[in-house]
Each structure stands twice: as C-alpha cells, then as structure tokens.
Amino acid sequence: TRALVSSLAAAAMLLLFQSGARAQQPPAQPIELNQSLLDRWLVVMPAVINLGKSDAAPQTDDAARPHMEKICADAGFQSYDQCAEVIGYVGMIVSACDRRSRTFRDPILLMRRELARLEADTKMPAAARNQAIAEMKEIVAAFPNGFPASDIQLMNANRDRVFAVLIKS
C-alpha cells in the first residue's frame with residue numbers, strides 16, 4: 001500500500017512538472033492503452049519513483065524536464081508528452097484499485113462518487129472545494145462513458161507485473 005501511494009505521488013509529480021504546459025492544453029483525454037504502452041509504463045515508473053525519492057530530486061519544472069525526458073526516452077516512449085499521458089492515465093487506473101481483491105476498476109466511477117461528496121462538503125474552504133470540483137468535472141467530462149473495459153482488462157491481466165513494479169520501487 002505504501003508503495004502504491006509512492007507511485008501515485010511520482011505520477012502526480014510528473015504531471016505537476018508539466019503544469020505550466022498543461023494550462024494551455026485541453027483536459028486529459030483517453031489514450032489507446034495497449035500492451036506496448038503498459039510495458040513502457042512498467043519500465044518508466046521505477047525511474048520516476050527513484051527520481052522523486054532522490055535527495056537530488058529536481059525542485060522546479062525546468063530542472064525536472066531534462067531528467068524526465070531522458071527517463072521517458074530510455075523507456076521507449078516516442079515523446080515526453082506521450083510518457084506523461086500514459087503515466088497519468090495508468091496512474092488513474094491504479095488509483096482505482098480494489099485493495100482487497102487486488103483488481104483494477106474504472107476510476108471514473110470512483111471520481112463521480114468523490115465529486116458528489118465534494119459538492120456536498122460544506123466544511124472544506126470554498127476556494128479549494130471549487131477548484132477540486134472544477135478539476136474533477138473536467139476529467140469526468142473527458143471520459144463520459146468511463147474508461148474502456150479493455151483498458152481495465154489489460155491492467156488486470158498485468159496485475160502481478162504492475163504490483164511488482166510498485167512494490168519494488
């Protein structure tokens with residue numbers, strides 16, 4: 001469980017490194033996840049996690065970009081942007097893992113529940129709540145039918161490999 005949290009933090013770190021660029025990009029879109037992209041994710045994640053854990057971890061977008069570009073290229077991604085999209089996409093699926101059964105589920109179903117909880121939350125500061133709601137609505141809108149069942153099936157077919165990478169890192 002601790003390793004799972006670390007991997008999600010690393011994926012979030014990568015997305016934060018490109019936050020300036022993302023402000024000008026459209027919201028997250030579904031990708032065509034396949035075995036080849038998942039295999040690259042399995043290669044890239046240990047390096048991303050190790051970079052995040054390093055005492056010399058880059059502290060700015062500009063400092064992190066060359067490291068991430070090299071890590072992504074070494075893993076076989078066509079570009080840094082493709083790498084970031086796959087890390088974010090797979091990270092969303094990983095975040096929806098049922099820990100008891102160790103199976104992956106559609107993260108959009110969970111996000112819809114979380115969105116309803118946020119909308120009903122009156123204790124959270126309004127600015128933070130409104131920002132969280134807006135971000136979550138943007139993601140949910142990009143996946144009106146949820147994640148493709150084939151992507152969830154692919155993740156479950158590779159479950160042992162995914163967990164091995166997350167636990168080892």
- Intermediate values then yes/no, side chain to side chain contact (heavy atoms under 4.5 Å, CB included), I108 and N145: CA-CA 9 Å; I108 297 302; N145 299 317; over 6 Å; no
- Show your reasoning for whether side chain to side chain contact (heavy atoms under 4.5 Å, CB included) applies to N156 and Q153. CA-CA 5 Å; N156 282 315; Q153 290 167 351; 5.8 Å; no
- Message: Please evaluate residues D74 and K70 with respect to the criterion side chain to side chain contact (heavy atoms under 4.5 Å, CB included), reporting the C-alpha separation (whole Å), side-chain torsions for both, the decisive distance (0.1 Å), and the verdict.
- Response: CA-CA 6 Å; D74 290 350; K70 181 174 181 347; 2.7 Å; yes
- List the steps and the verdict of side chain to side chain contact (heavy atoms under 4.5 Å, CB included) for M124 and R117. CA-CA 11 Å; M124 187 175 190; R117 188 197 66 74; 5.7 Å; no
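Separating the OH atom in Y89 from the CD atom in E32 is a distance of 9.5 Å, to the nearest 0.5 Å. Between atom CZ of residue R112 and atom CE of residue M136 there is a gap of 12.0 Å, rounded to the nearest 0.5 Å. Between the CZ atom of R40 and the SG atom of C72 there is a distance of 11.5 Å, given to the nearest 0.5 Å. For the atom pair L154 CG and D151 CG, the distance stands at 7.0 Å (nearest 0.5 Å). Atom CZ of F147 is separated from atom CE of M92 by 4.0 Å, given to the nearest 0.5 angstrom. The CZ atom of R105 sits 9.5 Å away from the OG atom of S95 when rounded to the nearest 0.5 Å.
Annotation: side chain of Q82 is not in contact with side chain of I31 (no heavy-atom distance under 4.5 Å). Taking 4.5 Å as the limit, every side-chain heavy atom of R159 sits out of range of all side-chain heavy atoms of V162. Between P107 and F143, the closest side-chain pair of non-hydrogen atoms is not below 4.5 Å.
Under the rule for a ring pair (Phe, Tyr, Trp, His ring centres under 6.0 Å), F77 has no partner lying at least two apart in sequence or in another chain. With sequence neighbours excluded, the residues that form a side-chain contact (heavy atoms from CB on, under 4.5 Å) with A63 are P58, T60. With sequence neighbours excluded, the residues satisfying side-chain hydrogen bond (donor to acceptor under 3.5 Å, both in side chains) with Q35 are D39, N158.
A continuous path of hydrophobic side-chain contacts links I167 to I93 [ILVMFWY only; heavy atoms under 4.5 Å]. Connection of V94 to V43 is not established within any shared hydrophobic cluster, with ILVMFWY side chains joined at heavy-atom distances below 4.5 Å, either directly or through further cluster members. Hydrophobic clustering (side-chain heavy atoms under 4.5 Å, transitive across Ile, Leu, Val, Met, Phe, Trp, Tyr) groups L118 together with M111.
Side-chain atoms of R161 never come within 3.5 Å of backbone atoms of L42 as a donor-acceptor pair (strictly under, hydrogens ignored). Remark: the backbone N or O of T122 is not paired with any side-chain donor or acceptor of R129 at under 3.5 angstrom.
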